[in-house]
Amino acid sequence: MRAPPSAGGFNSPWTLAIRAAADQGRPRRAIALYLASLRSSCRPCPFALAAVLKSVPRLPEHAVLPAAASLHAHLLRLGLLSHPYPHAALSHLYSHLLPPHHNHARGLLDDAPTPLNRHSLVSSNSLLASLLRAGDIPAARAMFEAMPARDVVSWNSMVAGLAKAGHLDEAIEMFDQMPETNVASWNALVSGFMAQGHLAQAQELFERMPTRNNVSWITMISGYAKAGDVQAAANLFDRMGSKDLYAWNAMISCYAQNGCAREALGIFNRMLKPHIWVVPNEKTFSSVISACSQLGDLRFGLWVENFMGYVGVDLDDHLRTALVDLYTKSGRMDRAFDLFRGLRSRDVVSYSAMIVGCGMHGKLNEAVGLFKEMSKARIDPNAVTFVGLLSAYSHAGLLEEARACFTSMTSRYRINPSMEHYTIMVDILGRCGKLEEAFQLVMQIPVCPDASVWGALLLACRLHNNIELGEVVASKCFELEPQESGYYILLGNIYAQAKKWDKVKGLRKMMAERGLSKTPGSSWVHVA
DNA sequence: TAACGAGCGT
């Protein structure tokens with residue numbers, strides 16, 4: 001009997017396709033292709049299996065461990081566990097999943113039947129990398145020193161690990177000692193400079209690199225994104241030659257995280273153009289949904305949700321949470337609740353998204369209920385949770401409850417109030433006529449209060465027609481945002497109410513001098 | 001042409 005056709009060497013079409021899918025960050029496609037290769041009665045290919053194993057960590061979180069376990073069983077059944085490629089890939093996979101010291105990779109390593117030298121070096125590198133990932137620098141250093149053989153990957157791991165842990169000087173020293181470097185060595189160093197905020201030095205190093213790959217470009221782009229330099233990131237993105245999925249994701253996320261929601265959706269559209277057509281994945285959609293949410297663009301969001309089904313991206317908990325945020329912001333609370341209840345596991349982020357949504361729409365009972373529910377589940381609230389809760393109380397006009405909540409946030413949960421918390425408290429105190437207390441609270445803010453805090457207080461002064469405090473507060477607002485006409489109008493209204501027409505006139509003059517005009521629809525004389 | 005180097009949601 002003839003052997004079935006082989007999916008054999010690493011150049012067979014199936015194996016190539018599987019490796020391509022794995023490299024593109026499409027784990028489900030890699031697995032599907034592998035299964036298809038078996039169905040078309042190809043012999044299981046160890047190289048293809050290695051690629052599939054490599055892509056497993058990119059599955060949705062809940063699917064990673066089951067996939068690892070069933071592939072492990074599959075390898076055992078086929079007798080391919082001792083083949084160096086899948087063996088190394090499986091060790092590496094386990095070293096991602098488990099802490100390095102009671103590492104499954106260790107066990108696999110010890111059980112391996114007299115591995116090739118090359119194989120043992122790869123496995124050692126994998127273990128070294130997992131020590132560094134766990135942040136155990138001393139153990140990694142000891143292991144590196146004790147290794148009988150090292151290659152460029154061992155050195156790269158050390159350079160990257162040291163740089164990431166903040167030991168930039170040592171990383172540079174190590175880099176200089178390397179017998180040979182490759183593009184990954186340079187990337188590791190560039191990434192270290194970026195992470196420590198040395199942007200100019202990173203850029204200089206980047207320009208000096210003998211060769212650059214996509215990782216080099218993406219490291220720079222996401223570094224600038226984190227530093228908030230959108231323009232620098234965009235310039236690099238434009239200079240980049242062939243952009244892969246990761247590059248598009250980095251740029252979309254850069255825009256979305258820096259408040260440039262329109263630009264984020266713009267380049268998302270660009271990557272879908274027929275002559276570009278890069279298939280988006282989970283990461284793409286989570287940035288895109290976040291951009292929709294910033295714009296309150298429900299219709300595009302609904303289209304995106306549909307489109308995700310079309311390209312075969314399924315709703316994981318991250319995406320559900322992003323959608324919860326979008327739907328609450330667009331007032332679709334029923335839909336948001338459905339998604340929230342469908343979460344595999346709820347955490348502080350998803351609870352907070354839901355509580356903030358309830359706070360925004362005056363659903364006090366629901367907000368408080370969710371807060372109790374998360375406490376019961378022993379999920380600690382964070383600053384965002386309290387933004388939601390406080391705004392729910394504020395919305396309902398419950399001053400005492402808001403005060404108690406604010407106190408418990410700082411004293412019981414040890415959360416430092418942010419400007420947003422202060423703004424909500426000032427707003428409710430002000431609306432309840434406690435102007436003096438609101439002012440005292442503003443004075444207690446340890447850092448310089450921003451315009452939103454002063455603005456809330458000014459609004460309260462207008463509500464209760466307090467000229468003396470209003471003048472003080474308005475001058476702060478003018479100082480912080482001289483071009484914002486709303487503050488002048490609020491103060492003008494306070495003057496008009498008290499029939500201080502000369503003061504109104506003075507304000508008008510001030511506005512004209514600063515090139516401001518009264519926004520249409522707002523009035524300050526007729527209200528009097 | 002395994003292992004190192006890119007990363008999400010309030």
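Convention: sequence-line order gives letters A, B, ...; per-chain numbering from 1.
Between B:dG9, B:dC4, B:dA2, one nucleotide has an atom nearer to the side chain of A:P84 than all others, and that is B:dA2. Considering only side-chain atoms of A:S352, the nucleotide from B:dC8, B:dT10, B:dA3 that sits closest is B:dT10. Closest to the side chain of A:N382, from the set B:dG5, B:dT10, B:dC4, is B:dT10. Distance from the side chain of A:S286 is smallest to B:dC8 among B:dC4, B:dT10, B:dC8. Closest contact between the side chain of A:N156 and the listed nucleotides B:dG5, B:dG9, B:dC4 involves B:dC4. Closest to the side chain of A:S157, out of B:dG5, B:dG9, B:dC4, is B:dC4. When each of B:dA6, B:dA2, B:dT10 is scored by its nearest atom to the side-chain atoms of A:S191, the top-ranked nucleotide is B:dA6. The side chain of A:V384 lies closest to B:dT10, out of B:dA3, B:dT1, B:dT10.
The shortest distance between the side-chain N/O atoms of A:S154 and the OP1/OP2 oxygens of B:dC4 is not below 4.0 Å. Contact annotation: A:K54 side-chain N/O to B:dT1 OP1/OP2 distance is not under 4.0 Å. Proximity of A:S222 to the phosphate of B:dG7: a side-chain N or O atom is located under 4.0 Å from OP1 or OP2.
Summarising the geometry, the separation between CG on A:L343 and P on B:dT10 is reported as 14 Å, rounded to the nearest angstrom. Rounded to an integer number of Å, the gap from CD of A:E282 to C1' of B:dC8 is 10 Å. To the nearest angstrom, P of B:dT1 lies 20 Å from CG of A:L53. Here B:dG7 presents its C1' atom at 13 Å from CD1 of A:I221, a figure rounded to the nearest Å. Going from atom NE2 of A:H87 over to atom P of B:dA3 covers 14 Å, rounded to whole Å. Going from atom NZ of A:K329 over to atom P of B:dG9 covers 12 Å, rounded to whole Å. Following rounding to the nearest Å, A:L162 (CG) and B:dG5 (C1') show an atom-to-atom distance of 15 Å. As rounded to whole Å, 17 Å separates atom P of B:dC4 from atom CD of A:E180.
As judged by a 4.0 angstrom heavy-atom cut-off over every strand, A:D347 is placed among the base-contacting residues. Across all strands shown, A:V356 has no heavy atoms under 4.0 Å from either base or sugar-phosphate atoms. Residue-level contact check: A:E420 touches neither bases nor backbone, having no heavy atom under 4.0 Å from any strand. Within 4.0 Å of A:S287, counting heavy atoms only, lies no atom of the nucleic acid at all. Among the heavy atoms of the strands lying under 4.0 Å from A:V183 is at least one base atom, whether or not backbone atoms are also near. Using a 4.0 Å heavy-atom cutoff across all strands shown, A:N213 reaches at least one base atom of the nucleic acid.
Qualifying ring pair (Phe, Tyr, Trp, His ring centres under 6.0 Å) partners for A:F144, counting only residues two or more places apart in sequence or in other chains: A:W155. The ring pair (Phe, Tyr, Trp, His ring centres under 6.0 Å) test applied to A:Y413 returns A:F386, not counting sequence neighbours.
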Please determine whether side-chain contact (heavy atoms from CB on, under 4.5 Å) holds for the pair A:M178 and A:N156, giving the CA-CA distance in whole Å, both sets of side-chain angles, and the decisive distance to 0.1 Å. CA-CA 9 Å; A:M178 287 178 70; A:N156 286 349; 3.3 Å; yes

Steps toward side chain to side chain donor-acceptor pair (under 3.5 Å) verdict (A:N187, A:S216): CA-CA 5 Å; A:N187 289 343; A:S216 330; 2.8 Å; yes

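For A:F193 and A:F206, the gap between ring centers reaches or exceeds 6.0 Å.
In this structure, A:Y85 forms an aromatic stack with the base of B:dA2, since both conditions hold: centre separation below 5.5 Å and plane angle below 30°.
In the interface, the side chain of A:T321 is paired with the base of B:dG9 through a donor and an acceptor atom under 3.5 Å apart.
With A:F47 as the aromatic partner, A:R19 does not meet the cation-pi criteria of under 6.0 angstrom to the ring centre and within 45 degrees of the ring axis.
Salt bridge absent: A:K372 and A:E366 never bring a charged side-chain N and a carboxylate O closer than 4.0 Å.
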